[in-house]
Amino acid sequence: DAKTTQPTSMDCAEGRAANLPCNHSTISGNEYVYWYRQIHSQGPQYIIHGLKNNETNEMASLIITEDRKSSTLILPHATLRDTAVYYCIVRPSTGNQFYFGTGTSLTVIP
Amino acid sequence: SQTIHQWPATLVQPVGSPLSLECTVEGTSNPNLYWYRQAAGRGLQLLFYSVGIGQISSEVPQNLSASRPQDRQFILSSKKLLLSDSGFYLCAWSQRSNEAFFGQGTRLTVV
(Lines give C-alpha, C1' and ligand atoms only; values in the text may rest on other atoms or scores of the structure.)
Protein backbone atom coordinates (compact mmCIF):
# COMPACT_ATOMS: atom_id res chain seq x y z
CA ASP A 1 0.00 0.00 0.00
CA ALA A 2 1.25 3.46 -0.95
CA LYS A 3 2.27 5.53 2.08
CA THR A 4 2.68 8.82 0.24
CA THR A 5 0.50 11.75 -0.78
CA GLN A 6 1.23 13.79 -3.88
CA PRO A 7 -0.67 16.48 -5.78
CA THR A 8 -2.58 15.08 -8.72
CA SER A 9 -1.12 17.45 -11.29
CA MET A 10 1.28 20.35 -11.75
CA ASP A 11 2.44 22.63 -14.53
CA CYS A 12 5.89 24.07 -15.00
CA ALA A 13 7.29 26.49 -17.57
CA GLU A 14 10.05 25.15 -19.76
CA GLY A 15 13.47 26.14 -18.44
CA ARG A 16 12.23 26.78 -14.93
CA ALA A 17 12.74 24.52 -11.93
CA ALA A 18 10.01 21.98 -11.27
CA ASN A 19 9.45 21.30 -7.57
CA LEU A 20 7.35 18.21 -6.89
CA PRO A 21 6.25 17.71 -3.27
CA CYS A 22 5.52 14.46 -1.47
CA ASN A 23 4.12 13.87 2.00
CA HIS A 24 5.11 10.70 3.85
CA SER A 25 4.17 11.55 7.43
CA THR A 26 4.16 7.93 8.61
CA ILE A 27 7.62 7.10 7.31
CA SER A 28 9.70 4.83 9.51
CA GLY A 29 13.32 5.26 10.42
CA ASN A 30 14.54 2.55 8.04
CA GLU A 31 12.45 3.62 5.05
CA TYR A 32 13.96 5.27 2.02
CA VAL A 33 12.23 7.77 -0.24
CA TYR A 34 12.36 6.83 -3.93
CA TRP A 35 11.28 8.83 -6.95
CA TYR A 36 10.32 7.38 -10.33
CA ARG A 37 8.74 8.88 -13.40
CA GLN A 38 6.65 7.34 -16.15
CA ILE A 39 6.45 8.87 -19.58
CA HIS A 40 3.27 7.92 -21.40
CA SER A 41 3.15 4.27 -22.47
CA GLN A 42 6.63 3.50 -21.16
CA GLY A 43 7.94 1.69 -18.10
CA PRO A 44 8.76 3.78 -15.01
CA GLN A 45 12.24 5.23 -14.85
CA TYR A 46 14.23 5.45 -11.62
CA ILE A 47 15.24 9.02 -10.75
CA ILE A 48 16.74 9.22 -7.28
CA HIS A 49 16.39 8.01 -3.72
CA GLY A 50 17.48 9.05 -0.23
CA LEU A 51 17.19 8.31 3.47
CA LYS A 52 17.99 11.45 5.45
CA ASN A 53 20.39 13.62 3.55
CA ASN A 54 19.64 15.61 0.46
CA GLU A 55 20.74 13.86 -2.72
CA THR A 56 21.64 15.08 -6.19
CA ASN A 57 22.39 13.28 -9.42
CA GLU A 58 22.45 14.14 -13.10
CA MET A 59 18.67 14.04 -13.32
CA ALA A 60 17.39 15.75 -10.19
CA SER A 61 17.82 16.78 -6.57
CA LEU A 62 15.96 15.30 -3.62
CA ILE A 63 15.32 17.46 -0.57
CA ILE A 64 14.12 15.60 2.53
CA THR A 65 12.88 17.58 5.52
CA GLU A 66 14.65 17.14 8.83
CA ASP A 67 11.70 15.25 10.34
CA ARG A 68 11.55 13.15 7.12
CA LYS A 69 7.80 13.60 6.87
CA SER A 70 7.99 15.19 3.46
CA SER A 71 10.31 15.58 0.51
CA THR A 72 10.63 17.55 -2.72
CA LEU A 73 11.98 16.40 -6.03
CA ILE A 74 13.59 19.22 -7.97
CA LEU A 75 14.15 19.18 -11.72
CA PRO A 76 16.43 22.21 -12.05
CA HIS A 77 15.69 23.17 -15.65
CA ALA A 78 12.55 21.46 -16.86
CA THR A 79 12.29 20.51 -20.53
CA LEU A 80 9.32 19.30 -22.55
CA ARG A 81 10.71 15.78 -22.25
CA ASP A 82 10.23 15.94 -18.50
CA THR A 83 6.45 15.82 -18.98
CA ALA A 84 5.50 12.61 -17.15
CA VAL A 85 3.84 11.15 -14.08
CA TYR A 86 6.17 11.34 -11.09
CA TYR A 87 5.86 8.78 -8.31
CA CYS A 88 7.13 9.13 -4.76
CA ILE A 89 7.57 5.84 -2.92
CA VAL A 90 8.72 4.91 0.57
CA ARG A 91 10.35 1.57 1.01
CA PRO A 92 12.18 -0.06 3.93
CA SER A 93 15.85 -0.84 3.53
CA THR A 94 15.07 -4.54 3.92
CA GLY A 95 11.88 -4.51 1.87
CA ASN A 96 11.33 -6.35 -1.37
CA GLN A 97 8.24 -4.61 -2.68
CA PHE A 98 7.75 -1.24 -4.39
CA TYR A 99 4.24 0.17 -3.95
CA PHE A 100 3.26 2.99 -6.28
CA GLY A 101 0.62 5.59 -5.53
CA THR A 102 -1.17 7.67 -8.16
CA GLY A 103 1.71 10.11 -8.60
CA THR A 104 1.83 13.70 -9.88
CA SER A 105 1.23 14.41 -13.55
CA LEU A 106 3.76 17.09 -14.47
CA THR A 107 3.20 19.06 -17.65
CA VAL A 108 6.05 21.22 -18.88
CA ILE A 109 4.67 24.13 -20.86
CA PRO A 110 6.63 25.76 -23.70
CA SER B 1 25.35 -3.64 -17.87
CA GLN B 2 21.99 -5.01 -16.88
CA THR B 3 19.08 -5.18 -19.29
CA ILE B 4 15.51 -6.35 -19.01
CA HIS B 5 13.54 -7.78 -21.90
CA GLN B 6 9.79 -8.04 -21.99
CA TRP B 7 7.65 -9.26 -24.84
CA PRO B 8 5.47 -8.92 -26.72
CA ALA B 9 4.98 -5.16 -26.75
CA THR B 10 1.32 -5.41 -27.63
CA LEU B 11 -1.13 -8.28 -27.51
CA VAL B 12 -4.80 -8.69 -28.37
CA GLN B 13 -6.43 -11.80 -26.97
CA PRO B 14 -10.02 -13.07 -26.89
CA VAL B 15 -11.86 -13.62 -23.63
CA GLY B 16 -11.26 -17.12 -22.33
CA SER B 17 -7.93 -17.59 -24.09
CA PRO B 18 -4.69 -18.34 -22.20
CA LEU B 19 -1.92 -15.85 -21.59
CA SER B 20 1.82 -16.11 -21.23
CA LEU B 21 4.03 -13.03 -20.87
CA GLU B 22 7.75 -13.50 -20.48
CA CYS B 23 10.38 -11.32 -18.89
CA THR B 24 14.11 -11.96 -18.80
CA VAL B 25 16.94 -10.07 -17.17
CA GLU B 26 20.56 -10.03 -18.29
CA GLY B 27 23.73 -8.93 -16.56
CA THR B 28 22.80 -9.74 -12.98
CA SER B 29 22.21 -12.81 -10.84
CA ASN B 30 19.60 -13.66 -8.21
CA PRO B 31 17.56 -10.49 -8.76
CA ASN B 32 14.20 -9.71 -7.20
CA LEU B 33 11.61 -9.82 -9.99
CA TYR B 34 8.24 -8.09 -10.15
CA TRP B 35 5.06 -8.03 -12.24
CA TYR B 36 2.93 -4.89 -12.19
CA ARG B 37 -0.30 -4.02 -13.97
CA GLN B 38 -1.53 -0.58 -14.91
CA ALA B 39 -5.15 -0.20 -15.94
CA ALA B 40 -5.96 2.67 -18.29
CA GLY B 41 -5.48 6.01 -16.52
CA ARG B 42 -4.57 4.36 -13.25
CA GLY B 43 -1.48 3.79 -11.09
CA LEU B 44 0.76 0.74 -10.97
CA GLN B 45 -0.52 -2.25 -9.05
CA LEU B 46 1.99 -4.81 -7.79
CA LEU B 47 0.77 -8.28 -8.80
CA PHE B 48 3.63 -10.64 -7.95
CA TYR B 49 7.19 -10.54 -6.78
CA SER B 50 9.89 -13.17 -6.49
CA VAL B 51 13.08 -13.28 -4.47
CA GLY B 52 14.36 -16.52 -5.98
CA ILE B 53 13.69 -19.47 -8.29
CA GLY B 54 10.30 -21.00 -7.52
CA GLN B 55 9.53 -18.36 -4.88
CA ILE B 56 6.46 -16.33 -5.79
CA SER B 57 4.53 -13.90 -3.60
CA SER B 58 1.10 -12.81 -4.75
CA GLU B 59 -0.08 -9.36 -3.76
CA VAL B 60 -3.69 -9.52 -4.88
CA PRO B 61 -6.10 -12.39 -5.63
CA GLN B 62 -6.79 -12.55 -9.31
CA ASN B 63 -7.08 -14.53 -12.48
CA LEU B 64 -3.33 -14.53 -13.01
CA SER B 65 -0.36 -16.57 -11.83
CA ALA B 66 3.40 -16.15 -12.00
CA SER B 67 6.32 -18.53 -12.22
CA ARG B 68 10.06 -18.25 -12.06
CA PRO B 69 11.54 -21.34 -13.70
CA GLN B 70 15.03 -19.85 -13.99
CA ASP B 71 16.98 -17.27 -12.03
CA ARG B 72 16.45 -14.47 -14.53
CA GLN B 73 13.14 -15.49 -16.08
CA PHE B 74 9.73 -14.42 -14.82
CA ILE B 75 6.51 -15.52 -16.48
CA LEU B 76 2.99 -14.17 -16.04
CA SER B 77 0.19 -16.53 -17.02
CA SER B 78 -3.53 -16.98 -17.14
CA LYS B 79 -5.58 -20.03 -18.09
CA LYS B 80 -8.62 -17.99 -19.15
CA LEU B 81 -8.45 -14.26 -19.73
CA LEU B 82 -11.20 -11.92 -18.57
CA LEU B 83 -12.06 -8.52 -20.00
CA SER B 84 -10.84 -7.00 -16.74
CA ASP B 85 -7.35 -8.41 -17.39
CA SER B 86 -6.77 -5.73 -20.03
CA GLY B 87 -4.01 -3.33 -19.11
CA PHE B 88 -0.35 -2.43 -19.32
CA TYR B 89 1.82 -5.15 -17.78
CA LEU B 90 5.27 -4.25 -16.56
CA CYS B 91 8.12 -6.45 -15.43
CA ALA B 92 10.84 -5.07 -13.17
CA TRP B 93 13.96 -6.25 -11.38
CA SER B 94 15.99 -5.04 -8.45
CA GLN B 95 19.07 -6.21 -6.69
CA ARG B 96 17.68 -6.89 -3.25
CA SER B 97 16.67 -3.62 -1.57
CA ASN B 98 18.08 -1.33 -4.20
CA GLU B 99 16.18 0.58 -6.88
CA ALA B 100 14.01 -1.29 -9.35
CA PHE B 101 14.38 -1.12 -13.13
CA PHE B 102 11.43 -1.63 -15.41
CA GLY B 103 10.92 -3.14 -18.83
CA GLN B 104 9.02 -1.37 -21.57
CA GLY B 105 5.79 -3.19 -20.87
CA THR B 106 3.18 -5.24 -22.70
CA ARG B 107 -0.11 -3.64 -23.57
CA LEU B 108 -2.76 -6.38 -23.36
CA THR B 109 -6.23 -5.90 -24.75
CA VAL B 110 -8.75 -8.63 -24.05
CA VAL B 111 -11.64 -8.57 -26.52
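Quick note on labels: first sequence line is chain A, next is B, and so on, each numbered from 1.
For chain A, the nearby part of B/L90 is the side chain; its heavy atoms alone come within less than 4.5 Å. Neither the backbone nor the side chain of A/Q45 comes within contact range of chain B, judged by heavy atoms closer than 4.5 Å. With a 4.5 angstrom heavy-atom cutoff, B/Q38 touches chain A only via side-chain atoms.
The shortest non-hydrogen separation linking B/Q104 to A/G43 is OE1-N, 4.1 Å. B/L46 approaches A/Y99 most closely through the heavy-atom pair CD2-CE2, 3.9 Å.
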Should B/F102 and A/F100 be marked as a ring-ring contact (aromatic ring centres under 6.0 Å, His included) after you check the CA-CA gap, both sets of side-chain angles, and the distance that decides it? CA-CA 13 Å; B/F102 286 78; A/F100 286 75; 5.7 Å; yes
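Contact count versus chain A (heavy atoms, under 4.5 Å) is highest, among B/A100, B/G103, B/G43, B/G105, for B/A100.
Tracing side-chain contacts under 4.5 Å through hydrophobic residues (I, L, V, M, F, W, Y), one never reaches A/I74 starting from A/I89; they form parts of separate clusters. Cluster annotation: B/I75 is not connected to B/I53 through the hydrophobic network of ILVMFWY side chains, with a link wherever side-chain heavy atoms come within less than 4.5 Å. Linking ILVMFWY residues whenever their side-chain heavy atoms come closer than 4.5 Å, directly or via other members, leaves B/V111 and B/L64 in distinct clusters. Both B/Y89 and B/I56 are assigned to one and the same hydrophobic cluster, defined by single-linkage of ILVMFWY side chains at heavy-atom distances under 4.5 Å. Linking ILVMFWY side-chain heavy atoms closer than 4.5 Å, directly or via other members, places B/L11 and B/W35 in a single hydrophobic cluster.
Side-chain contact between A/R91 and B/S94 is present, with heavy atoms from C-beta onward closer than 4.5 Å.
Within a 6.0 Å sphere centred on CZ of B/F88, heavy atoms belonging to other residues, nucleotides or ligands number more than 12.
The OH atom of B/Y49 sits 12.5 Å away from atom CZ of A/F98, with the distance rounded to the nearest 0.5 Å. Note that OH of B/Y34 and CD of A/Q97 are 7.5 Å apart. Values are rounded to the nearest 0.5 Å.
A donor-acceptor contact closer than 3.5 angstrom is absent between the side chains of A/Y36 and B/E99.
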